[in-house]
Amino acid sequence: MKPPLFSILLPTRNRSEIVGDAIRSVLDQTCGDFEIIISDNDESPDKTRDAVAKFTDPRIRYVRTSGNLPMHDNWENAFAQATGDYVFILEDKQRLVPNALEILHHWFKTHGPTVISYDIRFARGERIDAPRLFPNLEKWSSRDAVEHFCRFEQKFFNILPKGLDSCAPRQLLAELKTKSPTGMLYSYISPDYASGFMMLAAVEHFYYTPAPLVYIPNNWMWQGKYSNGQASFKKTESYRRFLKDLPVTREEILRDVPLKSEFLWINSVLYDFFKFYRRSDHKPQIDWPRYYGFCIFLIVMGRKLGADLREEIQLVRSALAKEPLGLKVRVAGNVLKRGLDVAWQLVRRTARG
Amino acid sequence: MERIPVSGPWITQKEIDYVTDAVTNAWYSNANCFHERFENAFAKHLGVRFAAALPSCTSAIHLALAARGIGPGDEVIVPEATWIASAAPVHYVGATTVFADVDPKTWCMSAESFEACITPKTKAVIPVDLYGNMPDWDAILAVAARHGVFVIEDAAEAVGSEYKGRPAGSLGEVGVFSFHGSKTLTTGEGGLLATNDETLFRRALFLRDHGRKPGDRMFYNAEIAYKYKMSSMQAALGLAQLERVDELITRKREIFSWYKAELAGLPGVALNPEPPGTKNSYWMVTVILDASYKLSKVQLMDLMTNEQIDTRPFFHPLSSIPAYHDSEQARIARARNSVAYQISAAGINLPSALNLDQAKVRHVCDVLKAILKHA
C-alpha cells in the first residue's frame, strides 16, 4: 500500500477526556491522505485506549507504551512508527484547523520537500475560524533565524521550526536523528527546541506562516489547564522531579550561562542550543545584555503568575553589579522594549472567541 | 468587461504535446497506448483495480447497469436534483427510474429518502456527488448494504473530491466520471468507468465493443451490444490533464475561496457545503438564495446575463421536466421530494471556469451583491 502523505504524531498521557477531540480534528481534514499515530503513555492502561477505540477509522494507528515514558521518549516512540512523507506532532490538547493538511500539501507541492513552521493560536472559545486556503508564507534563512535567537527576539520563538509547530519531511527528520548527539530526534531537555535547533543546523532555509494551523481551545494556556508551561517558574515538585530524572546534571545544564538558575526556562533552551545547533560554517554569538533583559522579563512575568523568584532576582543583582554602567542601561532598555513587544503579541495572538 | 463564461478548461502546452503525440504516433501497433496509460493512471489515482475510458459518463452508467444485468421490471433510484445523464441510462436498459429526495446539508441524495424509496424491485442506486459536494456516504452505503442494492457512484462532477480520505468515484461498487468540456478534468467529450469488481469490468468491456469476446478477430459477435470507446487523442488529452489534476483542483478550490471571501457576511446566501471529513473540488460554485429574496433563479440569471455574466440554473427536479413529467414515478416524486424542489428553485451556478482570476470573481460578486440589494 502507498504510504500516506502525512504522519500526525499524537503522543498523549493522562488526558483521555480530551484526546478524542484532537483525533476528531484530524479526521475532519479536507485532505484525507494521512495516518494518525497515537502513542498512549497514559498511567491508566485503558482510559486512553477506550477513548481511541471509539473511532473506527483505518487511518488511526494506536500504540501503547509502558505508561511511564518521559515526554521526549513518548514523542520518539511515536516518530518510530511514522511511515508518511511528512511528519508533525499534534498534542492531545491541540486541534488542527480543518484545512491545515491541505494548506501544507499545497506548499509542499509548490516548494518541494521542505520545512514549514506555523502559528499555534491560543483560542478563547471552542474553535477558531479556518485560515484562508493560501495564507502568507515567509521564507527564512536558518542563519537569520538563529541570529534572532541570539538576540532573544520574540519573533524567533514564533518562527523556529520546533517539533511542536512545524511539519517536515520524514526523511529529513530520520537523518537528524542519525546525526543527533543523543541519538534522538526529540531530545531532552526541551524536545521541541532540541529538534528545532538540529533542523536549523541541517537546512539552509525553511518557511514560516503566521496562519494558525493548530490551536489550543478554551483558554487552556492562560488558565494553566493542560499546560506545564508555568511549572518551571513555580518550581513545582513535578518540575523538580522532571529535572532530577534527566540524564544530565544541573551543573551541565547551567555551565555556559551567567544566571545559574534551572527555573529560568531560557537556560535549558540555551543548553539545547549549544548542544544541538552545530554548524561548522556559522558560529553565532549570544547577545548577553539581551539575555539579562530576557531573564528579567521572565522574572517579572513569573512573579505576576505568583512564582517565588527571590533567588533569581538576587542572581541578577549580583551578576549586573559586576558589569559596567553602559551594559546596565542596555539591559534596562531591553526590558522595556520586551514588555511592549509581548503586550502587543498577546493582543495579536489571542483569537476572538 | 468581456463576457465571463460559466465553465471551461485549463489547457497548457502539455495537453497540446500529448494530443499531438497521439495524433502523430498512436496508430498501428501503438493504437491503444494512450488508452492504457490514461486508464492505468486513473485507476491508480482512485486507488481502484480497473478503469475503462469511454465516450461519456452517460455511457459509463449505461454499461454499469447493463453489465449488472439490470433491465425491465427492475427499479433504479436516482436523486431528484441532478443532470438527466444520471437517470437516462436507466431508461436505456428498460428499468424504472425512481427519484429520491436530496439532503439539505449536502444537496446530494438523502439516505433516508433513498431507504424510503426501496421496494423488492430495487436493484441499484446512483447517488451523485453534485457539483463536487459529497453526500453522507456512510449512511448511503449502510442502507445499500442492508438491502443488497448495487451502488453506482456518479462522480461526473467530482473528480478530486474526497470522503474521509477516499477519492470520489471509489466509494460505490462502480464509479463513473465525465470529461465533458465543462468539467474540471476534460477530454473534450468523454467518460470513465472504475471498479474493483473484475467480473463486472470484463462484462462491461465485452458490452462496450459490440459484444465481442476479447481478442476476437473474426467479427463473430456473441451478443448485440454497444460501441462505447474513447479515441486516442481524447485519452492523450485526459492523461495530460490527469497529470495536472492536483493543480486543476487546487485552482478550483482557490476560485471557491475567492467567492467565499467576497460573499462572506451576505445574509441569506448559501454556498456549496463541505462537511467535516470531506473535501469538495467545487466543480461549480453554487449559490442558494433564501426565500426572503423573492427572486427566482431565472430572474437572477437574466439579471446576471445583462451584466455579461454567464450562469446556469441549479438542476431542475427531474420529476418536473417534460421528459419525466408524466411518468408514474414522477407523480409520486413531486409529492415527496420537497427539499429538492426548494433548493432547486433558488439556486444558480456562478462562473467557475478554470481561466477565472480574482478580479473577475470580485466583479461577479459585486454584481450579485448589487442585484440582491435591490431584490
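Proteins get letters first, then strands, A, B, ... in listed order; numbering begins at 1 in each. Given the structure is predicted, the values throughout are model-derived calculations rather than measurements.
With a 4.5 Å cut-off on non-hydrogen atoms, B:Glu162 touches chain A through its side chain but not through its backbone. Of the atoms belonging to A:Arg24, not a single heavy atom falls under 4.5 Å from chain B. There is no contact between B:Asn280 and chain A, counting heavy-atom distances below 4.5 Å. Only the backbone of B:Thr278 comes within less than 4.5 Å of a heavy atom in chain A; its side chain stays farther off.
Counting non-hydrogen atoms of neighbouring residues, nucleotides and ligands closer than 6.0 angstrom, the NZ atom of B:Lys14 exceeds 12 such neighbours. More than 12 non-hydrogen atoms from other residues, nucleotides or ligands lie less than 6.0 angstrom from NZ of A:Lys109. The number of heavy-atom neighbours closer than 6.0 Å to NZ of A:Lys155, taken from other residues, nucleotides and ligands shown, is above 12. Under a cut-off of 6.0 angstrom, the local environment of CG in A:Asp129 is sparse, with at most 12 non-hydrogen atoms contributed by other residues, nucleotides or ligands. Few gaps surround CD on A:Glu17; more than 12 heavy atoms of other groups in view lie less than 6.0 Å from it.
Atom CG of B:Asp138 is separated from atom OG1 of A:Thr56 by 8.0 Å, given to the nearest 0.5 angstrom.
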Test side-chain contact (heavy atoms from CB on, under 4.5 Å) applied to B:Lys260 and A:Arg132, step by step: CA-CA 10 Å; B:Lys260 196 176 169 192; A:Arg132 59 197 173 86; over 6 Å; no
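Within the 4.5 Å cutoff, side-chain heavy atoms of A:His106 are placed close to those of B:Thr250. In this structure, A:Leu133 and B:Phe256 have side chains that are not in contact, with every pair of non-hydrogen atoms separated by 4.5 Å or more.
Comparing B:Glu254, B:Glu247, B:Arg253 by heavy-atom pairs within less than 4.5 Å of chain A, the highest count is held by B:Arg253.
For the residue pair B:Lys279 and A:Thr30, the shortest heavy atom distance occurs at CB-O, 2.7 Å.
For B:Arg166 (side chain) and A:Gly32 (main-chain N/O), no donor-acceptor pair under 3.5 Å exists by modelled atom type.
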